[in-house]
Engineer: 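Before I ask anything, here is the structure I am working with.
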Amino acid sequence: MIAVITGDIVNSRELPSLWIDTLKEALSALPQKNTKWEIFRGDSFQIELPSQQALLISVYLKACMRTIKGADVRLSIGLGKKSKVTTNKVTEANGEAYVNSGEGFDGLKSSKVNLAIKSPSVKFDEDMNLYFKLALIAMDNWSPIASEVVKQTIENQNENQDKIAKISGRSQSSISEALKRAHFSEIMELEKKYRLLVTKTFK
């Protein structure tokens with residue numbers, strides 16, 4: 001069982017050109033072990049990674065892109081098996097996870113959501129997609145400042161708010177307030193629930 005994230009940048013042509021550097025920096029910051037990514041068609045990308053990491057990486061990518069005013073990202077997580085045919089290019093790979101990710105991505109616009117998941121389990125998908133819709137109420141409204149703080153907090157998961165404040169050049173109280181406005185603790189509860197359900201459903 002692996003995860004494949006298919007994504008694109010919303011309204012990329014209307015954004016400052018720095019969005020591509022922000023995307024490349026975000027993808028380059030992902031854990032290198034068992035993670036592969038590729039950008040294609042200019043503003044689209046695909047990532048192959050362990051299924052457990054998919055939601056945290058999705059939240060991280062959204063935070064990175066929303067540090068740019070007016071920017072956002074559409075993401076489809078596909079779970080499933082990978083084809084045994086080996087290839088170094090993510091966009092040439094195949095298998096259940098890739099098919100699920102692509103099909104999920106195709107449905108994002110009609111569903112009017114920026115994050116969805118498709119797996120071999122209909123029940124898992126129904127539950128997680130409802131959770132995602134609720135989480136997006138907060139995430140789709142992150143300001144650039146809140147997004148920057150969420151990004152730095154995920155990058156420094158083992159550090160306390162005082163350390164993150166020093167890294168970001170902000171006060172500890174402003175870090176705390178930004179995370180509260182972003183509903184970060186609730187989203188991390190969902191991320192923990194996601195990992196639990198992935199393990200339980202697909203063991």
Engineer: side-chain contact (heavy atoms from CB on, under 4.5 Å) with I137: which residues, sequence neighbours excluded?
Structural biologist: L134
Engineer: Measure across L61 and F45 and return the closest heavy-atom pair with its distance rounded to 0.1 Å.
Structural biologist: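 Distance-wise, the nearest heavy atoms are CD1-CE1, 4.0 Å.
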Engineer: We want to know whether D43 and S12 form a side-chain donor-acceptor pair, criterion being a heavy-atom distance below 3.5 angstrom.
Structural biologist: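 Yes, S12 and D43 have a side-chain donor paired with an acceptor closer than 3.5 Å.
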Engineer: Nearest heavy-atom pair of T6 and G102: which atoms, and what distance?
Structural biologist: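 Looking at all heavy atoms of both residues, the closest pair is OG1-N, 4.3 Å.
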Engineer: Does the side-chain contact (heavy atoms from CB on, under 4.5 Å) test come out yes or no for V4 and I47, once each step is laid out?
Structural biologist: CA-CA 6 Å; V4 173; I47 310 165; over 6 Å; no
Engineer: Between T22 and M65, is a side-chain contact (heavy atoms from CB on, under 4.5 Å) present by the stated rule, with each step listed?
Structural biologist: CA-CA 7 Å; T22 302; M65 296 315 300; 4.0 Å; yes
Engineer: Please confirm whether the backbone N or O of K81 pairs with a side-chain atom of E96, one donor and one acceptor, at under 3.5 Å?
Structural biologist: yes
Engineer: Distance-only, no hydrogens or angles: does the S174 side chain make a donor-acceptor pair with backbone N or O of R170 under 3.5 Å?
Structural biologist: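 Answer holds: no.
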Engineer: Find out whether L115 and K133 are in side-chain contact, i.e. whether some heavy atom of one side chain is under 4.5 Å from a heavy atom of the other.
Structural biologist: no
Engineer: Using the rule side chain to side chain contact (heavy atoms under 4.5 Å, CB included), only one of L75, D140, L136 pairs with V113; which is it?
Structural biologist: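 Looking at L75, D140, L136, the match for V113 under the side chain to side chain contact (heavy atoms under 4.5 Å, CB included) is L136.
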Engineer: Are V10 and M139 linked, directly or through other ILVMFWY residues, by side chains that come within less than 4.5 angstrom of each other?
Structural biologist: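 No.
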Engineer: Let me see the working for F132 and L130 under side-chain contact (heavy atoms from CB on, under 4.5 Å), right down to the final yes or no.
Structural biologist: CA-CA 5 Å; F132 287 2; L130 175 58; over 6 Å; no
Engineer: Please determine whether salt bridge (Lys or Arg N to Asp or Glu O under 4.0 Å) holds for the pair E148 and R66, giving the CA-CA distance in whole Å, both sets of side-chain angles, and the decisive distance to 0.1 Å.
Structural biologist: CA-CA 8 Å; E148 182 70 32; R66 287 191 67 86; over 6 Å; no
Engineer: Can you list the steps and then say if K166 with D162 is a salt bridge (Lys or Arg N to Asp or Glu O under 4.0 Å)?
Structural biologist: CA-CA 6 Å; K166 288 179 181 177; D162 287 332; over 6 Å; no
Engineer: With a 4.5 Å heavy-atom cut-off, do M128 and L190 have their side chains touching?
Structural biologist: yes
Engineer: To the closest 0.5 Å, what do you measure between CG (D72) and CG (L15)?
Structural biologist: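 CG of L15 is found 9.5 Å from CG of D72.
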Engineer: Rounded to the nearest 0.5 Å, how far does CD of E191 lie from CD1 of I57?
Structural biologist: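 The CD atom of E191 is 9.0 Å from CD1 of I57, to the nearest 0.5 Å.
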Engineer: Looking at every non-hydrogen atom in both residues, tell me the closest pair between A165 and S171 and how far apart they are.
Structural biologist: CB-C, 3.8 Å
Engineer: Shared ILVMFWY cluster between I145 and I164, side chains joined below 4.5 angstrom?
Structural biologist: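 Result: no, two separate clusters.
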Engineer: Are L56 and I154 close enough that some pair of their side-chain heavy atoms sits under 4.5 Å apart?
Structural biologist: yes
Engineer: Check A182 against A138 and note the closest heavy-atom contact, atom names and distance.
Structural biologist: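 That would be O-CB, 3.9 Å.
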Engineer: Which distance, rounded to the nearest 0.5 Å, do you find between the OG of S111 and the NZ of K109?
Structural biologist: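 Output value for this atom pair is 12.5 Å.
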Engineer: Under a 3.5 Å cutoff, is there a donor and acceptor pairing between the side chains of E155 and Y60?
Structural biologist: yes
Engineer: Please determine whether side-chain contact (heavy atoms from CB on, under 4.5 Å) holds for the pair L27 and L23, giving the CA-CA distance in whole Å, both sets of side-chain angles, and the decisive distance to 0.1 Å.
Structural biologist: CA-CA 6 Å; L27 292 170; L23 176 61; 3.9 Å; yes
Engineer: Before you tell me yes or no, could you show the steps for S173 and S176 under side chain to side chain donor-acceptor pair (under 3.5 Å), namely the whole-Å CA-CA distance, both residues' side-chain angles and the distance that decides it to 0.1 Å?
Structural biologist: CA-CA 5 Å; S173 61; S176 177; over 6 Å; no
Engineer: Rounded to the nearest 0.5 Å, how far does CG of L55 lie from NZ of K192?
Structural biologist: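 One gets 14.0 Å once the value is rounded to the nearest 0.5 Å.
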Engineer: Any salt bridge between E103 and K118, counting N to O under 4.0 Å?
Structural biologist: yes
Engineer: Using atom types as modelled and distance alone, determine if a side-chain donor or acceptor of N129 lies under 3.5 Å from a backbone N or O of I117.
Structural biologist: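 Yes, N129 side chain to I117 backbone: donor-acceptor pair under 3.5 Å.
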Engineer: Decide whether S121 and S119 meet the rule of one side-chain donor and one side-chain acceptor closer than 3.5 Å.
Structural biologist: no
Engineer: Does any non-hydrogen side-chain atom of M1 lie less than 4.5 Å from one of K82?
Structural biologist: no
Engineer: Please tell me whether W142 and Y131 are part of a single hydrophobic cluster in this structure, the criterion being side-chain heavy atoms less than 4.5 Å apart.
Structural biologist: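 Yes, W142 and Y131 fall within the same hydrophobic cluster.
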Engineer: Taking S101 for its side chain and S76 for its backbone only, find out whether a donor-acceptor pair lies under 3.5 Å.
Structural biologist: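 It does hold such a pair.
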Engineer: With a 6.0 Å cut-off (strictly less than), is the heavy-atom count around CG of L197, excluding the residue itself, greater than 12?
Structural biologist: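 Enclosed: over 12 neighbouring heavy atoms sit under 6.0 Å from CG of L197.
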Engineer: Check E189 with K193, please: is the shortest side-chain N to carboxylate O separation under 4.0 Å?
Structural biologist: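 Answer for the salt bridge query: no.
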Engineer: May I ask whether L49 and V99 are part of the same hydrophobic cluster, defined by side-chain heavy atoms of I, L, V, M, F, W, Y residues being less than 4.5 angstrom apart, directly or through others?
Structural biologist: no
Engineer: Got a sec, which residues hit side-chain contact (heavy atoms from CB on, under 4.5 Å) with D106, two or more places apart in sequence or on another chain?
Structural biologist: none
Engineer: Going by heavy atoms in the side chains, are C64 and E25 under 4.5 Å from each other?
Structural biologist: no
Engineer: Going by atom types alone, do Q46 and Y98 pair a side-chain donor with an acceptor below 3.5 Å?
Structural biologist: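 No - no donor-acceptor pair under 3.5 Å links their side chains.
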Engineer: Shortest non-hydrogen contact from S51 to A3?
Structural biologist: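 The pair with the smallest heavy-atom distance is CA-CB, 3.6 Å.
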Engineer: Given the rule that I, L, V, M, F, W and Y join up when any side-chain heavy atoms are under 4.5 Å apart, are I39 and I77 in one cluster?
Structural biologist: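 Hydrophobic grouping puts I39 with I77.
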Engineer: Of the non-hydrogen atoms in R41 and S44, which two are nearest, and what is the gap between them?
Structural biologist: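 Here R41 and S44 meet closest at NH2-OG, 3.7 Å.
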Engineer: Would you check if the side chain of T67 reaches a backbone N or O of S147 as a donor-acceptor pair within less than 3.5 Å?
Structural biologist: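 Not at all, since once roles are kept as given, no pair shorter than 3.5 Å links the two residues.
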Engineer: Considering only residues two or more places apart or on different chains, which pairs with a residue in residues 103-129 satisfy ring pair (Phe, Tyr, Trp, His ring centres under 6.0 Å)?
Structural biologist: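 For residues 103-129: F124-F202.
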Engineer: Does some side-chain heavy atom of E14 sit less than 4.5 Å from a side-chain heavy atom of N11?
Structural biologist: yes
Engineer: Does L79 offer a backbone N or O that forms a donor-acceptor pair with the side chain of N100 under 3.5 Å?
Structural biologist: yes
Engineer: Could you check whether any side-chain N or O of N156 sits under 3.5 Å from a backbone N or O of E159, counting only pairs where one atom can act as donor and the other as acceptor?
Structural biologist: no
Engineer: CG/L179 to CE/M188 distance, rounded to the nearest 0.5 angstrom?
Structural biologist: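 Result: 10.0 Å between the selected atoms.
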